[in-house]
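All remarks here apply to the structure that follows.
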Amino acid sequence: MNIRKGDTVLVISGKYKGAKGKVLRAMPAANSVIVERVNLHKKHQRPTQDLPKGGIIEKESPVHRSAVMLLCPKCSRPIRVGFKVLDGKKARVCRKCGEAIDK
Ligand SMILES: [Zn+2]
């Protein structure tokens, strides 16, 4: 899984094609990610402490990781991720500009 929580991604297929958003959650086991404001579905929410009234809310549903591409924070292009060993750790790098994505 080369997309992580906090990354900014571009949706490349489906209804939300072209949308950009922040990854709220990465789910490697399901090969899916939850992207902010992408793949919204109406959900009937029962009352909880956070939402005492319940009702219908819009909630992000997971999208398959193949439907999104990581946006490079340096060159802001949609990229594929490469890996490089930096200081003994595996770091993600942009295949286009070669910059390390993780600091
Ligand atoms: Zn780049």
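Each ligand, and each atom within it, is numbered from 1 in the order the structure gives. Predicted model, so just to flag it, every value in this text is computed and none were measured.
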Would Val11 end up clustered with Ile79 when hydrophobic side chains under 4.5 Å apart are linked, directly or stepwise?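 In one cluster: yes.
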Listed by chain and number, what are the side-chain hydrogen bond (donor to acceptor under 3.5 Å, both in side chains) partners of Asn31, not counting sequence neighbours?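 Applying side-chain hydrogen bond (donor to acceptor under 3.5 Å, both in side chains) to Asn31 gives Arg65.
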Could you tell me whether a side-chain N or O of Tyr16 sits under 3.5 Å from a main-chain N or O of Leu40, the two making a donor and an acceptor?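 Side chain of Tyr16 to backbone of Leu40, a donor-acceptor pair under 3.5 Å: yes, one is there.
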If the threshold is 4.0 Å, N to carboxylate O, is there a salt bridge linking Lys89 and Asp102?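 Salt bridge flag = no for Asp102 with Lys89.
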Indicate yes or no: does Glu36 engage Lys22 in a salt bridge with an N to O separation below 4.0 Å.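 Looking at Lys22 together with Glu36, the answer is no, because their closest N to O distance does not fall below 4.0 Å.
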Any idea which heavy atoms bring Val68 and Ile12 closest together, and the distance?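 It is N-CG1, 4.0 Å.
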Atoms named by residue and atom, protein N, O or S, within reach of the Zn ion (ligand 1) (under 2.8 Å):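 Per the 2.8 Å query on the Zn ion (ligand 1), atoms found are Cys72 SG, Cys75 SG, Cys94 SG, Cys97 SG.
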